[in-house]
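Beneath this line is the structure, given in structure tokens, with notes to follow.
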Protein chains: 2
Amino acid sequence: MIPRSARSSGAALSAEGALRTRGLRSTMPRRVILDVVRATDTHPTAAIVFERVRRRLPRVSLATVYRNLRRLAAEGLLRERVEATGLRFDPNVGPHDHFICVACGRILDLPRREGARRGRAALSRGEHVRTAARYGLEVIDRRVELYGRCRNCRRRGGPVSGLWRAT
Amino acid sequence: MIPRSARSSGAALSAEGALRTRGLRSTMPRRVILDVVRATDTHPTAAIVFERVRRRLPRVSLATVYRNLRRLAAEGLLRERVEATGLRFDPNVGPHDHFICVACGRILDLPRREGARRGRAALSRGEHVRTAARYGLEVIDRRVELYGRCRNCRRRGGPVSGLWRAT
DNA sequence: CTTGGTGCAAACCTTTTGCACTTTT
DNA sequence: AAAAGTGCAAAAGGTTTGCACCAAG
């Protein structure tokens, strides 16, 4: 949905380099964890990341995976998202929204309408921000999720699965 | 933010009546649980609901509170929301968005721009839906959360607390 | 050598489940 | 009387923490 090349701001840097810029020690588990999430476009859970990291480093512990995912998110190298199924991690740290297919469960990244512009100014427009401003609220960030059916599921007329719990 | 009178569609009905309309048995714990959440505008967790229900019915169990909150949400009498801190329950089942103050943690309901209209048609407009349509996605519902500082916190210049984990 | 990171196991918390008993219809 | 709901206790996730050992700067 979002061109791969633009997905992760700073993804141009190797894991090694990205860690350096944040003053984080470059340990083997940490590098692999970051690499694994970056190779992803499905917002993996900690368990999924753990499983994949283990293929490369059979001795890592789940605790290490959690500690690092949290840390990497805190440093802005990943984005953390709370889902009904648990925590998920997104290598795309730029501004974008999500579409969740209620038939197949897939999560798609959606570009922001104002995505072309940069910084705080990008948020000065848009209906939500205007609505909030009317109440004296200062908007810093936002989270938008659309629920529906993706192109494939529409085509094959897939039903809305039980996966769709209220948002 | 949203007038109390319009907060819960169907809130005009007593808990008793609301349960009837869904074919749910009207048991004492169930009525009190619904009443407690309805008396709320802070999206309480199950634990909070449990504590308040217990003041009126000292013998209820946490399991009963969970079972009923879930059931009431499934029947559309409450709305269930997944937060970092756990499940939260919202008596406002009409379409609305949320504003979360990153300084004090308060959650405010925001009316939808198209709130005046009704049904599926209400969603046919808006930037997100248009964006999604461009990708062949059919939008059924959406969840919007704005993060920022509320009027009070702006006034007293409160800092953005550590409460603000990435969304 | 010092600081920070790691593995392991145990602890934690929130949510769910099995079962015998009670209440609603 | 049948069906649905309840309390209790135990189980089940998913995530965090304490601690002794190890590695990076």
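Order of the sequence lines fixes the chain letters, A, B, ..., with proteins taken first and strands second; residue numbering starts at 1 for each chain. Just so it is clear, the model here is predicted, and its values are computed rather than measured.
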Is B/R70 close enough to C/dT15 that one of its side-chain N or O atoms is under 4.0 Å from OP1 or OP2 there?
no

Considering every strand and a 4.0 Å limit on heavy-atom distances, what is the contact class for B/T45: base, sugar-phosphate, or nothing?
nothing

Sorted by chain and residue number, the side-chain hydrogen bond (donor to acceptor under 3.5 Å, both in side chains) partners of A/R20 (sequence neighbours excluded) come out as A/E16

Measure the angle between the two terminal helix axes of the helix from C/dC1-D/dG25 to C/dT25-D/dA1, five base pairs each, and quote it to 10°.
40°

Roughly how many Å is it from CZ in A/F89 to C1' in D/dG14, rounded to a whole number?
11 Å

Using only side-chain N and O atoms of B/R25, determine if any of them is under 4.0 Å from OP1 or OP2 of D/dT6.
no

Salt-bridge criterion met for A/E80 and A/R70 (N-O under 4.0 Å):
yes

Can you check the A/R22 CZ to C/dG4 P distance for me, whole Å?
19 Å

Contacts of B/R59 meeting side chain to side chain contact (heavy atoms under 4.5 Å, CB included) (sequence neighbours excluded), chain-then-number -> none

By side chain to side chain contact (heavy atoms under 4.5 Å, CB included) - contacts of A/L19 (at least two apart):
A/L24, A/S26, A/R30, A/R31, A/L34, A/L72, A/L77

Using a strict cut-off of less than 4.0 Å between a Lys/Arg side-chain nitrogen and an Asp/Glu carboxylate oxygen, indicate whether A/D141 and A/R79 qualify as a salt bridge.
yes

Quick one: B/E83 CD to C/dT14 P, roughly how many Å, whole number?
14 Å

Grab the CZ-P distance between A/R81 and D/dT15 for me, whole Å please.
14 Å

Please report the distance, rounded to the nearest Å, between CG in A/L87 and C1' in D/dG13.
13 Å

How close or far is atom P of D/dA24 from atom CZ of A/R20, stated in whole angstroms?
11 Å

Could you tell me whether the phosphate oxygens of D/dA4, OP1 or OP2, come under 4.0 Å of any side-chain nitrogen or oxygen in B/R71?
no

If you check every side-chain atom of A/A46, which of C/dT25, D/dT15, C/dT15 has the closest atom?
D/dT15

Residues that B/T27 engages under side-chain hydrogen bond (donor to acceptor under 3.5 Å, both in side chains), provided they are two or more places apart
none

Quick one: ring-ring contact (aromatic ring centres under 6.0 Å, His included) partners of B/H98, sequence neighbours excluded?
B/H43, B/H96

Got a sec, which residues hit side-chain hydrogen bond (donor to acceptor under 3.5 Å, both in side chains) with B/R67, two or more places apart in sequence or on another chain?
none

Heavy-atom side-chain contact between A/R81 and A/F89 under 4.5 Å:
no

Could you identify which residues of residues 47-67 of chain B place a heavy atom less than 4.0 Å from some atom of DNA chain D, listed by residue number, or say none?
B/R59, B/V60, B/S61, B/A63, B/T64, B/R67

Atom CG of A/L24 to atom C1' of C/dG4: distance rounded to whole Å?
11 Å

What salt bridge (Lys or Arg N to Asp or Glu O under 4.0 Å) pairs are there with at least one residue in residues 44-57 of chain B, not counting sequence neighbours?
B/E51-B/R55

Does anything in residues 27-35 of chain A reach DNA chain D, meaning a heavy atom under 4.0 Å, and if so which residues?
none

Holding to side-chain hydrogen bond (donor to acceptor under 3.5 Å, both in side chains), I want the full list of residues that pass it with B/S61, two or more places apart in sequence or in another chain.
B/T64

For A/R25, the salt bridge (charged side-chain N to carboxylate O under 4.0 Å, His left out) test, sequence neighbours excluded, returns none

